[in-house]
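The sequence lines fix the lettering, A, B, ..., with proteins before strands; numbering per chain opens at 1. Keep in mind that this is a model prediction, so the values were computed, not measured.
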There are 2 protein chains.
Amino acid sequence: MRILTWNINSVRLRIDLLMRLIDETDPDVICLQETKVVDDAFPAKPLAERGYAHSVISGQKSYNGVAILSRLPLTATGVKDWCGRSDCRHVFATAAGVEVHCLYIPAGGDEPDPAINDKFAHKLQFLDEMTGWWPTARSAKQPMVLAGDLNIAPLEHDVWSHTQLLGVVSHTPIEVEKLAALRRTLGWIDTARRFVPSEEKLYSWWSYRARDWQASNRGRRLDHIWVTPPLEDSLRACSILRAVRGWEPKPSDHVPVILELAR
Amino acid sequence: MRILTWNINSVRLRIDLLMRLIDETDPDVICLQETKVVDDAFPAKPLAERGYAHSVISGQKSYNGVAILSRLPLTATGVKDWCGRSDCRHVFATAAGVEVHCLYIPAGGDEPDPAINDKFAHKLQFLDEMTGWWPTARSAKQPMVLAGDLNIAPLEHDVWSHTQLLGVVSHTPIEVEKLAALRRTLGWIDTARRFVPSEEKLYSWWSYRARDWQASNRGRRLDHIWVTPPLEDSLRACSILRAVRGWEPKPSDHVPVILELAR
DNA sequence: GGGGTCTCAG
DNA sequence: CTGAGACCCC
């Protein structure tokens, strides 16, 4: 079973790149973030024709938007709100006995101070709420996958310069600690790091603002696939598809991450 | 001597198409309209490097904008305002003894009633002012060229349906009559019609709104090159480059018109 | 730097 | 439909 996640930054603009990605990676389940489109305008038809007939879609105009597409039947589908907002950041569904959660955690704005910056406060509250929710709503014994753009690079080598990014939203100690707390709720496993040692640089996002993303290589690992302990023995591979950052025309600033499970 | 005119609808967006047009038509003088760019941001450098080192440029942010580029030296250059506005619709210059005027007449909005529609009133006033100006400022004995987007299709076969467009701005009787009055001032010659009989359909513009401009072919001849009587015997050809409407990527809705003079 | 939206204009 | 620009967000 292959599960792919991608912050696609407009599914309408990049539907052709998504088709190419499907051709090249053959996933069973696809999690998308930043689809930026209302459900009625989501390009569900070409995806269904390509074999992904099952879906949970939750999008709003212009901002955010998440979706799960699957060629396996989906059961127990749902959309979850956080922080009292219906801002389309979380959908879930069960495929072949695995509950898949597709998440888009708020980016958090520029200023890493919740007292001045409402967006950062929102991000922290989002993390706190989720951390409280998992143990009450789910069990660590369920086989589950949490995939998406978490907008936090937790490890030193998940950013191009740990020291230079300590004060930059996405790598501040408070966010990193809250993400760790979230991970501890059900003993979630950070799958990418099961296959790449934590001493090695690993990124899933490169800013559009760099003149040459490849040359400067100032990346961050913001996109993650986590699994609960029952899936630990099924882990076969987790790959960050770096090359997609250069796909023409108009690549997303995020690249896809794909998980392979032996089931 | 070859003089080309084109409503380029953003010179920054279509600089590559302009270079291709230069390669294919080898003009001496180029008149552009709807450049949509302030003079500082006009792509003068690539054009100078391509051989068009002489220019008169008058552009504003976002709207309008005209320019004359030339590989022949330009003298007596000027920018002219109309209707008390500095809206960058008229530049002129003399090249090899021919005074070239590059014009962008206001489109005139949707409603063909000057009492309700200020844009239509502006268009009519623009035509009236010019009609008064030419005989006082210039002589019919001077060799002159007037080229540009006049936003009026004067003849029955300058539109896809004379009867359906009688009430549509660009082909209403009042505009057509005012354009005729302008033409009479110095006995201007409508050069395209010296080479294509007036019974034949001839267009220089096709709306972006048609699903397939070529299939529906609902065009209008809005772009013109006129000359004064001293140049009558020098006329060698006037061609409307229809194929440019299909140039990829992102064609302009107007196509270029090119005049060849035996001098 | 580049998505999205809206408005103005053609 | 398609420019430009203003604004929001990443």
Novice: Could you give the distance from OG1 (Thr35(B)) to CH2 (Trp6(B)), rounded to the nearest 0.5 Å?
Specialist: 12.5 Å
Novice: Is any side-chain N or O of Ser10(B) closer than 4.0 Å to OP1 or OP2 of dA4(D)?
Specialist: yes
Novice: Round to the nearest Å and state the distance from Asp87(B) atom CG to dA4(D) atom P.
Specialist: 19 Å
Novice: Calculate, to the nearest 0.5 Å, the distance between atoms NZ and CD1 belonging to Lys123(B) and Ile174(B) respectively.
Specialist: 11.0 Å
Novice: Do Glu34(B) and Asn7(B) have a side chain donor and acceptor closer than 3.5 Å?
Specialist: yes
Novice: Could you list the protein-to-nucleotides 6-10 of chain D atom pairs, N/O on both sides, closer than 3.5 Å?
Specialist:
residue: dA6(D); atom: OP1; partner: Lys61(B); partner atom: NZ; Å: 2.9
residue: dC10(D); atom: N3; partner: Arg209(A); partner atom: NH2; Å: 3.2
residue: dC10(D); atom: N4; partner: Arg209(A); partner atom: NH2; Å: 2.8

Novice: I'd like to know if the side chain of Asn64(B) pairs up with that of Lys36(B) as donor and acceptor (distance under 3.5 Å, no hydrogens or angles considered).
Specialist: no
Novice: For the atom pair CG (Leu18(B)) and CD1 (Ile22(B)), what is the distance rounded to the nearest 0.5 Å?
Specialist: 4.0 Å
Novice: Are any of Arg12(B)'s side-chain N or O atoms less than 4.0 Å away from OP1 or OP2 of dG5(D)?
Specialist: yes
Novice: Categorize Arg220(A) for me: base, sugar-phosphate, or nothing, with a 4.0 angstrom heavy-atom threshold over every strand shown.
Specialist: nothing
Novice: Under a 3.5 Å cutoff, is there a donor and acceptor pairing between the side chains of Asn217(B) and Trp160(B)?
Specialist: no
Novice: Looking at Arg221(B), Lys201(B), Arg220(B), which one forms a salt bridge (Lys or Arg N to Asp or Glu O under 4.0 Å) with Asp158(B)?
Specialist: Arg221(B)
Novice: Going 5' to 3' along DNA chain C, between which two nucleotides do contacts with chain A fall, using a heavy-atom cut-off of 4.0 Å?
Specialist: dG1(C) to dC6(C)
Novice: Is a side-chain donor-acceptor pair under 3.5 Å present for Asp81(A) with Ser86(A)?
Specialist: yes
